[in-house]
Amino acid sequence: MMRTRPLKVALLGCGVVGSEVARIMTTHADDLTARIGAPVELAGIAVRRPGRVRAGVPAELITTDATALVKRGDIDVVIEVIGGIEPARTLITTAFEHGASVVSANKALLAEDGAALHAAAEERGADLYYEAAVAGAIPLVRPLRESLAGDTVNRVLGIVNGTTNFILDKMDTSGAGYSEALDEATALGYAEADPTADVEGFDAAAKAAILAGIAFHTRVRLDDVHREGLTEVTAADIASAKRMGCTVKLLAICERAGDGRSVTARVHPAMIPLSHPLASVREAYNAVFVEAEAAGQLMFYGPGAGGAPTASAVLGDLVAACRNRLADTTGPGESAYTRLPVSPMGEVVTRYHISLDVADKPGVLAQVAQVFAEHGVSIDTVRQQGKDGEASLVVVTHRAPDAALSATVETLRQLDTVRGVASIMRVEGE
């Protein structure tokens, strides 16, 4: 029998995502009722600028007092899509204290303080869902938390930021430089007026922290994630990748160590072979490649941002939270039983593509090779081109600890025959 008293929902934020959530809840109210088993009522919408026109959003639901809204004793679920650390953290914990479950899209907060939020939800017998925090409409959090809960995930490798993927794709397909590609992304609405969070890798690093924590059942915070952006990627790097049969992507990489005793999480540009499934991900799309012991290789692909796609993930979590509310139960909470340490980047085993400007004279290659040998780094391939007393030397290494590779580069910089290090990029996906 369907319950007639509606489940009441408070919405924090009514921007691009929030307005889509409100629209879908209104236009698909009957379908949501049938799927949940009870009516769902949007009881209030907290915003910072009440005078702004929001098409299709009932004006009588708008309030600027978010704290009073989440303190209402009749709210069953709070949807938080305002982003940032504060006041989102305080509002979420206040919602838990007053008996509500929470659906959030706040990757930054979850990456910084996810453990405390999970603990607060568990203490109050409430749900904390956040599918929309990682990859927009792509179902990824729930498969990792639930579908693969009985498996052992060893690696998560993905493109989790649409802005950076658009920029790198344009650099690859059109030959544009970084600045030109960023300008196009901004003009099309893929990049914010201040794109720092995207192009410097902060957005992807927050998502990597969340994914690593779920995949490896341990706590990984944003500070644990090694982060490099793509602002230093040049058209020459893209051209070098093409000559190797590769393309360049900004990757989030989360790995379990071979001995199973630690994990790593990192975000940086990398060359990947054109044969790898992630190489074909174009425009502003996201894709995540998961490697598990029993399930094997899985790939999740789709739009990773935007109002409607992200709202789809939010509404999926809302349905789950409401169903749990009716059944007087909760969904999966934090799973951090492994307590695995996060290894620093220097211990990560990687490959390097290094482009050097060197003097065009006999013995240079031997001298460079000796430096690699001294640091215990094996060379996979080397290519040399020279003209008018100057030359370029491109070296691709075998896998070695990142600290050894970094030390190799620093030693190379000190050689009299090395005019400069034109570019350094890691190679992944092999």
Side-chain angles (χ1 to χ4, degrees), residues 7 9-42 45 54-57 61 76-83 88 101-110 127-148 158-163 165-166 188-190 198 203-204 206-207 210-211 214 281-288 290 298-325 331-332:
L7 292 159
V9 178
L11 176 61
L12 308 182
C14 199
V16 174
V17 176
S19 59
E20 277 295 308
V21 169
R23 182 189 66 79
I24 295 172
M25 286 187 66
T26 302
T27 58
H28 295 273
D30 291 343
D31 288 334
L32 290 172
T33 297
R35 294 166 190 172
I36 292 169
V40 179
E41 176 186 316
L42 190 54
I45 304 172
R54 296 170 174 87
V57 177
L61 296 180
D76 294 286
V77 180
V78 171
I79 297 175
E80 183 270 311
V81 288
I82 57 178
S101 290
V102 172
V103 172
S104 176
N106 196 330
K107 52 190 169 287
L109 178 57
L110 288 159
D127 274 321
L128 173 61
Y129 281 102
Y130 45 90
E131 184 69 65
V134 175
I138 305 172
L140 184 58
V141 171
R142 188 170 284 109
L144 286 172
R145 289 176 87 180
E146 301 178 34
S147 303
L148 296 173
I159 298 165
V160 294
N161 183 275
T163 300
N165 199 58
F166 180 89
L188 292 172
Y190 292 128
D198 294 322
D203 176 86
K207 295 170 182 176
I210 295 170
L211 291 174
I214 299 171
V281 179
R282 300 295 184 187
E283 297 285 333
Y285 277 76
N286 285 191
V288 178
V290 177
L298 308 170
M299 184 166 165
F300 301 83
Y301 171 85
T310 305
S312 172
V314 169
L315 268 295
D317 281 349
L318 175 65
V319 169
C322 287
R323 286 172 174 171
N324 291 342
R325 201 78 170 178

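Computed from a predicted structure; not experimentally measured.
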Practice task
Go through the steps for Leu148 and Leu298 under the test side chain to side chain contact (heavy atoms under 4.5 Å, CB included), then give the verdict.
Solution key: CA-CA 11 Å; Leu148 296 173; Leu298 308 170; 4.0 Å; yes
Handout entry: By salt bridge (charged side-chain N to carboxylate O under 4.0 Å, His left out) - contacts of Glu41 (at least two apart)
Key = none
So how far is it from [X] [atom1] to [Y] [atom2], rounded to the nearest 0.5 Å?
{"X": "Leu140", "Y": "Asn286", "atom1": "CG", "atom2": "CG", "answer": "9.5 Å"}
{"X": "Ile210", "Y": "Leu144", "atom1": "CD1", "atom2": "CG", "answer": "11.5 Å"}
{"X": "Ile45", "Y": "Ile79", "atom1": "CD1", "atom2": "CD1", "answer": "10.0 Å"}
{"X": "Asn161", "Y": "Asp198", "atom1": "CG", "atom2": "CG", "answer": "4.0 Å"}

If you compare all heavy atoms of [X] against all heavy atoms of [Y], which two are closest, and at what distance to 0.1 Å?
{"X": "Val40", "Y": "Thr33", "value": "N-OG1, 4.1 Å"}
{"X": "Ile214", "Y": "Arg145", "value": "CG2-CG, 3.5 Å"}
{"X": "Ala132", "Y": "Ala105", "value": "CB-CB, 3.8 Å"}
{"X": "Lys107", "Y": "Ala133", "value": "CB-O, 3.2 Å"}
{"X": "Glu80", "Y": "Asn106", "value": "OE1-CB, 3.1 Å"}
{"X": "Phe300", "Y": "Pro139", "value": "CD2-O, 3.1 Å"}

Sub-4.5 Å side-chain heavy-atom contact between [X] and [Y]:
{"X": "Leu61", "Y": "Val57", "result": "no"}
{"X": "Met299", "Y": "Val281", "result": "yes"}
{"X": "Ile36", "Y": "Leu7", "result": "yes"}
{"X": "Met25", "Y": "Val21", "result": "yes"}
{"X": "Pro303", "Y": "Tyr285", "result": "yes"}

Practice task
Using a cut-off of 6.0 Å, state whether more than 12 heavy atoms not belonging to Phe166 lie near its atom CZ.
Solution key: yes
Side-chain polar contacts of residues 304-323 - donor-acceptor pairs under 3.5 angstrom, sequence neighbours left out - could you list them?
from   : atom 1 : to     : atom 2 : distance (Å)
Thr310 : OG1    : Gly306 : O      : 2.8
Asp317 : OD1    : Arg142 : NH2    : 2.8
Asp317 : OD2    : Tyr130 : N      : 3.3
Asp317 : OD2    : Glu131 : N      : 2.8
Arg323 : NE     : Arg35  : O      : 3.0
Arg323 : NH2    : Arg35  : O      : 3.1

Practice task
Mark yes or no for whether Ser19, through its side chain, and Cys14, through its backbone, hold a donor-acceptor pair below 3.5 Å.
Solution key: no
Problem - Any donor-acceptor pair under 3.5 Å from Asp127 side chain to Gly331 backbone - result: yes
